2 protein chains.
Amino acid sequence: MGAKIRNMEEFAAAVGISRPTVSKYFHDPESVRPTTRARIEAALEKYDYRPNIFAMNQNRKLTKNVGIVVPYLADPFFAEIARILETRCIEAGYRPTLFSSHGSTELECEILDTLRSMKPAGVLLAPLGRATDRKALENFCRHVPTLIFDSSVEEFGIAFVGSDNFQFTRVITDYLCRTGSPPVFFEMKTPANPNAHRRRQAYIQAMEQFGHEPHVVSVPGEGWAFEEIARRGAHEAFEAGQITGDTILCSNDRLAIGLMTACYERGLRVGRTADCAIRVAGMDGHPLSRFTCPPLTTVAHDYENVAQKAATTLFEALREGPGPWKSTRIEGKLVMRDTA
Amino acid sequence: MGAKIRNMEEFAAAVGISRPTVSKYFHDPESVRPTTRARIEAALEKYDYRPNIFAMNQNRKLTKNVGIVVPYLADPFFAEIARILETRCIEAGYRPTLFSSHGSTELECEILDTLRSMKPAGVLLAPLGRATDRKALENFCRHVPTLIFDSSVEEFGIAFVGSDNFQFTRVITDYLCRTGSPPVFFEMKTPANPNAHRRRQAYIQAMEQFGHEPHVVSVPGEGWAFEEIARRGAHEAFEAGQITGDTILCSNDRLAIGLMTACYERGLRVGRTADCAIRVAGMDGHPLSRFTCPPLTTVAHDYENVAQKAATTLFEALREGPGPWKSTRIEGKLVMRDTA
DNA sequence: GCGCAAACTTGTCGCGCGTAAAAAATTTAT
DNA sequence: ATAAATTTTTTACGCGCGACAAGTTTGCGC
């Protein structure tokens, strides 16, 4: 096989062309003549040479790196979005690197620092929300082309892509009102994510529009253990008689899952048939919402679309330079199942 | 505030000490005199200088990078393990980078390539399993100190850390036999993960030991959509009369969740009380197993311990050089809940 | 105060590649 | 066949830092 290739110099020598041309090839394979490209790719098979990514990125004005940051990767929603985003980046020829803030402000700041030193072409960032260090994020956005997704933080970055929380809530509130008694809204008192506030507002607005009295139950709890917070909160709310009526709309599916567990523990049968005591609905289209017992009625994010839109918006901005800040909110789809 | 710092040279000048000393500080803050350290750290606050990570890693013999690779990040088990591993790495002063193979052999190979070019100090890798390219992995392990976790691939890498599937299965089989009729084993015919085979073997062994006839139901399906595979497979198995007895042990919790959905759809009440038709148990201690209805009886991984052991084993090997290959299997804890 | 080790400084080299400009070779159009 | 356009080569420099060697200062125990 011949001696091992140590650097681009040696590789170029082995192929029989000059190093700058090889360098050009790695920057963009289309930019060299087809015959040259073929020769390089043939040699690439023969010797398993790969350019040193550190040396590559050191002098490049703009790298092909893309950072993907989510607030909590163990949350299936973010895991799923992150998965699709990664795939889209790779397809577009970028090198994605995935980060999770694990719910920590400090970690989010550190990630921002790390990211800056990586000179990324762009960043897809879902902020922690309430716990985000605004100043740090604003400063970061000034230096790195950043697309904010999931939850909006003012008008930072080049654009925002997320779900249309008002539409989400309106659709399901409407559905619940049409098919039975109007829902009570079940949420966390101090949610990590600002989307929760929008959903509460949208619920109140929709209820008033439909001529019903809104009724919000906010349960205490901090952090990302939503199911347990909902389970405990639900028990307390039931005992305190806060759950009026027989229909509960949860601010998200994870809360709904925890609430359903509490219902089970209290012997309350969940479902939309006559023999059931209570109706439950969620929002998000959690990967496991199909598999709860009974299967959960919810409004599902259009995961593919959100990710696709976020990725393409970023890539366009990278190609064509910064335009005016814009916000895209994607509608969800009502998924009618058995809980409501 | 003074002019912006562009590189270590300028930073050192601003602090009033020499560049090599600053370099030494970043390599190991303890290695410089306390007074010098204080001066550097004071300046670090003033100017927000960070060394260029590409230039840093280019010439270092051994970086502080650690790669973490999991087969499928949208699986809550891996999301949770990855989360803890990342934290441990940061605590130990390493810079973790997270990768998910997304269930794809090609992607796993690419990650291995990327990782090699990152010159990581070490790698924590959970292989795809059946779909892993053995040769590529073996070759990788020869070049990079790799700790394999979750599912063992021969004796590759410096060590293996995982769960004790035999103990897992024995414990729960024993429990099920003692508290009711012996279980049928429910699994995927072609599981992605080799642990599944061990669990089947362990089930058969345990059943024979306890004097019962083992009975395995293997359902068809490929990929990582375990719940749906289990749901469909369960329906078919019920219809074909393959589910003998009233107790089902699932190869993992995600299958159990899907199977419970099927039971719900068939009107079969799951639980361990007299009014229930069927008992179900799983394995893994899935984050949502507490919240199924009824809550799922399972054998839980000791997530913290597995991650801790994996991390410390790698770090020890990095400090003290390669020792003989060793394998650690950590026991799980029976979590008795309401399904069995 | 002495002596000595640890910590620091100065200076210099090189890593592997990006990048730029000018010269040479090749392809394409006329 | 010749001119024009494109691609490739040559040459040269620099990025920001790690690593090393040799000399200088500092801190510390006696």
Side-chain angles (χ1 to χ4, degrees), chain A residues 3-44 47-65 95 113-114 116-121, chain B residues 3-44 47-65 95 113-114 116-121:
Chain A
K4 275 167 198 167
I5 294 342
R6 302 215 142 269
N7 54 35
M8 201 182 273
E9 196 85 54
E10 288 182 27
F11 178 73
V15 186
I17 54 183
S18 72
R19 186 176 68 74
T21 306
V22 174
S23 171
K24 213 174 159 204
Y25 165 83
F26 280 114
H27 192 68
D28 176 12
E30 307 266 339
S31 69
V32 300
R33 207 183 303 151
T35 56
T36 327
R37 181 176 174 180
R39 286 172 64 191
I40 294 177
E41 278 166 358
L44 225 41
Y47 319 94
D48 70 332
Y49 164 74
R50 300 206 47 175
N52 181 312
I53 60 168
F54 299 114
M56 275 182 63
N57 289 316
Q58 178 163 14
N59 299 326
R60 241 212 267 278
K61 306 279 179 225
L62 219 59
T63 68
K64 281 282 192 177
N65 299 331
R95 271 183 31 84
D113 278 348
T114 304
R116 275 180 62 177
S117 67
M118 282 179 60
K119 291 191 215 160
Chain B
K4 274 168 197 166
I5 296 334
R6 306 214 140 269
N7 54 37
M8 201 181 273
E9 197 84 53
E10 288 182 25
F11 179 72
V15 186
I17 55 182
S18 71
R19 188 177 65 77
T21 305
V22 175
S23 170
K24 214 175 156 203
Y25 165 83
F26 281 114
H27 192 69
D28 176 13
E30 307 265 341
S31 69
V32 301
R33 206 181 302 150
T35 56
T36 332
R37 181 175 174 180
R39 287 172 65 192
I40 293 178
E41 278 165 1
L44 225 40
Y47 319 92
D48 68 334
Y49 165 74
R50 299 206 51 175
N52 180 312
I53 61 168
F54 299 116
M56 275 182 63
N57 288 318
Q58 178 164 15
N59 299 326
R60 241 210 266 277
K61 307 281 180 222
L62 220 58
T63 68
K64 281 282 190 177
N65 300 331
R95 273 183 28 87
D113 277 349
T114 303
R116 275 181 62 179
S117 66
M118 282 179 61
K119 291 190 211 160

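What you see is a predicted model; the values in this text were computed from it and never measured. Letters A, B, ... mirror the listed sequences (proteins, then strands); counts begin at 1.
One can place CD of A/Gln58 at 8 Å from C1' of C/dG16, the figure rounded to the nearest angstrom. In this structure, A/Ile53 places its CD1 atom 13 Å from C1' of C/dG16, rounding to the nearest Å. Going from atom CG of A/Asp28 over to atom P of C/dG18 covers 13 Å, rounded to whole Å. Taking atom CD on A/Glu9 and atom C1' on C/dG14, their separation rounds to 14 Å, with Å as the unit. Atom NZ in A/Lys24 sits about 20 Å away from atom C1' in C/dG16, given to the nearest Å. Residue B/Asn52 contributes atom CG, which lies 13 Å from atom C1' of C/dC17 at whole-angstrom precision. Distance A/Arg50 CZ to C/dG16 P: 16 Å, rounded to the nearest Å. Rounded to whole Å, the distance from CZ on A/Phe26 to P on C/dC17 is 8 Å.
Both B/Arg33 and A/Val22 sit near DNA chain D, but only A/Val22 has its closest nucleotide nearer the 5' end. Of the two residues contacting DNA chain D, namely B/Asn57 and A/Ser18, the nearest-nucleotide position lying further toward the 5' end is that of A/Ser18. Both B/Glu30 and B/Ala55 sit near DNA chain C, but only B/Glu30 has its closest nucleotide nearer the 5' end.
A distance of 11.0 Å separates OG of A/Ser18 from CE of A/Met8, quoted to the nearest 0.5 Å. Rounding to the nearest 0.5 Å places CZ of B/Phe26 at 8.5 Å from CZ of B/Arg50. Atom-to-atom distance recorded for A/Phe11:CZ and A/Arg19:CZ is 13.5 Å, nearest 0.5 angstrom. Atom OH of B/Tyr25 and atom CD1 of B/Ile40 lie 6.5 Å apart (nearest 0.5 Å). Here A/Asn65 contributes atom CG and A/Ile53 contributes atom CD1; the two are 7.5 Å apart, rounded to the nearest 0.5 Å.
Nearest heavy-atom pair, A/Arg37 versus A/Pro29, reported as atom, atom and distance to 0.1 Å: CD-O, 3.4 Å.
Taking the side chain as every heavy atom from C-beta outward, A/Asn52 and A/Asn7 never approach each other to under 4.5 Å.
A nucleotide of DNA chain D counts as in contact with chain A when one of its atoms lies under 4.0 Å from a heavy atom; the first and last such, 5' to 3', are D/dT7 to D/dG16.
For the pair B/Lys119 (side chain) and B/Gln58 (backbone), a donor-acceptor distance under 3.5 Å is present. Of the possible donor and acceptor atoms, none in the side chain of A/Lys64 sits under 3.5 Å from a partner among the backbone N and O of A/His27.
Distances shorter than 4.0 Å separate none of the side-chain N or O atoms of A/Tyr25 from OP1 or OP2 on C/dC17.
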With B for base contact, S for sugar-phosphate-only contact and - for none (protein heavy atoms under 4.0 Å), nucleotides 19-24 of chain C reads B-----

